[in-house]
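The figures that follow rest on heavy atoms only: side chains count, while hydrogens, waters and symmetry mates do not. Chain letters run A, B, ... following the sequence lines, proteins first and then strands; every chain starts at 1. Values in this document were obtained by computation on a predicted structure and should not be read as measured data.
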2 protein chains.
Amino acid sequence: MDFDLEAFLPYRLNRAAECVSLRFAAEYRGRYDMTRPEWRTLAALGAKGRMTATEIGAHSAMHKTKVSRAVRALEERRWLRRQVDEADRRIEHLELTAAGRRIHAEMVVLARRYEEELATLLGDGIRALEAGLSAVETAMIGRRPA
Amino acid sequence: MDFDLEAFLPYRLNRAAECVSLRFAAEYRGRYDMTRPEWRTLAALGAKGRMTATEIGAHSAMHKTKVSRAVRALEERRWLRRQVDEADRRIEHLELTAAGRRIHAEMVVLARRYEEELATLLGDGIRALEAGLSAVETAMIGRRPA
DNA sequence: AATGGATGGTTACGCCTGCAACCATCCGGA
DNA sequence: TCCGGATGGTTGCAGGCGTAACCATCCATT
């Protein structure tokens with residue numbers, strides 16, 4: 001009976017993630033009209049240079065349909081180019097165009113600025129949060145719901 | 001350029017929340033075919049006994065349309081009853097029916113079990129996580145995206 | 001008593017999502 | 001060579017979501 005939703009970990013995690021994430025999403029949505037999957041795809045490609053859709057999905061923990069649609073959206077803006085693999089024609093190698101790399105560079109600046117903002121907002125708590133997230137990552141990520 | 005999405009706090013928070021939350025949602029979805037807003041509404045009413053939709057929204061950080069839909073769904077299952085306020089007929093007081101309280105009791109058991117599972121999975125990390133979440137809550141919750 | 005603004009709650013619309021089914025291609029074994 | 005299963009990727013569909021517009025009701029002011 002005396003169960004407090006306020007104290008339930010999944011609930012708290014969700015709310016915190018929502019809040020932290022939306023605050024940043026508001027920045028790039030307003031500027032570039034991008035969705036989160038698009039931003040993540042851009043970030044992954046910007047960092048690694050050349051990946052397949054499957055690799056992006058694995059790296060970013062996104063469902064493959066999400067990746068597929070994000071890739072199409074980025075391609076339509078000419079921020080991304082596809083290249084069919086010569087040896088295995090199912091595979092598409094993805095890479096950013098010059099315009100895509102330019103946008104990526106701008107977004108990295110935004111991201112870094114937001115990281116600093118978070119650091120000052122959270123103070124020492126940020127270290128605890130990072131430690132806790134590491135614990136979740138090693139214990140649970142990848143594990144399918146029982 | 002060398003920006004690693006893997007290390008970006010909003011991203012990590014989201015992934016952890018998704019993982020922790022989905023794992024539990026799978027339990028009650030499978031058993032009761034409930035959505036998260038419905039579960040949260042049930043939990044809030046089970047704990048407080050009698051609330052209005054607006055109060056539930058404020059308490060659980062849910063958009064009022066979410067609450068509205070969850071209330072209707074729970075009402076259709078006869079787990080919840082509405083009662084129009086005599087003095088102010090805009091207000092609807094909500095409370096669980098006997099059946100609703102029964103389900104709530106079952107779900108509290110599930111939630112507690114999951115809390116224990118998390119505690120063993122995360123080990124000491126759970127304390128760090130809770131501290132980090134507290135920091136986020138005091139620093140950011142309620143604050144609208146700039 | 002009348003009115004304009006505030007409040008509780010619902011709903012039409014369009015966007016995003018995951019599931020499942022699908023297409024094309026590859027590969028290993030008969 | 002042919003076939004069946006596996007893999008990369010796309011899409012139809014149904015459902016959840018937030019925005020904005022909406023209805024009903026209340027209340028303070030006049």
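- The aromatic rings of Trp39(A) and Phe24(A) sit perpendicular, their planes meeting at an angle over 60°, well past the 30° parallel limit.
- Using a 4.0 Å cut-off, some side-chain N or O of Ser68(B) falls inside it from OP1 or OP2 of dT10(C).
- Pairing each heavy atom of Met107(B) with each of Leu42(B), the nearest pair is SD-CD2, 3.5 Å.
- Rounded to a whole Å, the CE atom of Met62(B) is 13 Å from the P atom of dT10(C).
- Of the side-chain N and O atoms in Lys66(A), one or more sit less than 4.0 angstrom from OP1 or OP2 of dG18(C).
- Distance Asp33(A) CG to dG14(C) C1': 14 Å, rounded to the nearest Å.
- Distance CZ (Arg40(B)) to C1' (dC17(D)): 13 Å, rounded to an integer number of Å.
- Look at CZ on Arg69(A): it is 10 Å from P on dT10(D), rounded to the nearest Å.
- Look at Arg89(B) and you won't find any side-chain N or O under 4.0 angstrom from OP1 or OP2 of dC23(D).
- Counting non-hydrogen atoms under 4.0 angstrom, Arg36(A) reaches nothing in the nucleic acid.
- Comparing dT11(D), dT10(C), dT11(C) by their nearest atom to the side chain of Arg72(A) picks out dT11(D).
- Remark: Glu117(B) does not engage Arg113(B) in a salt bridge, criterion side-chain N to carboxylate O under 4.0 Å.
- The closest side-chain donor-acceptor pair between Ser60(B) and Arg15(A), if any, does not fall under 3.5 angstrom.
- For the 3.5 Å distance criterion, the side chains of Tyr32(A) and Glu38(A) fail to qualify, holding no donor opposite an acceptor.
- Protein atom CG of Leu74(A) is 12 Å distant from nucleotide atom P of dT10(D), rounded to whole Å.
- Side chain of Thr97(B) to backbone of Arg78(B): a donor-acceptor contact under 3.5 angstrom is found.
- If you take CD of Glu38(B) and P of dG15(D), they are 13 Å apart, rounded to a whole angstrom.
- Legend: salt bridge (Lys or Arg N to Asp or Glu O under 4.0 Å) pairs involving residues 42-70 of chain B, not counting sequence neighbours, sorted by first then second residue: Arg50(B)-Glu95(B).
- Judged by closest nucleotide on DNA chain C, His63(B) is the one of His63(B) and Asp85(A) placed further toward the 5' end.
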Do any N or O atoms of the protein come closer than 3.5 Å to N or O atoms of nucleotides 4-8 of chain D, and which pairs are they?
from, atom 1, to, atom 2, distance (Å)
dT7(D), O2, Arg90(A), NH1, 2.8

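- Of the residues near DNA chain D, Arg29(B) and Ala87(B), the one whose nearest nucleotide (by heavy atom distance) lies more toward the 5' end is Arg29(B).
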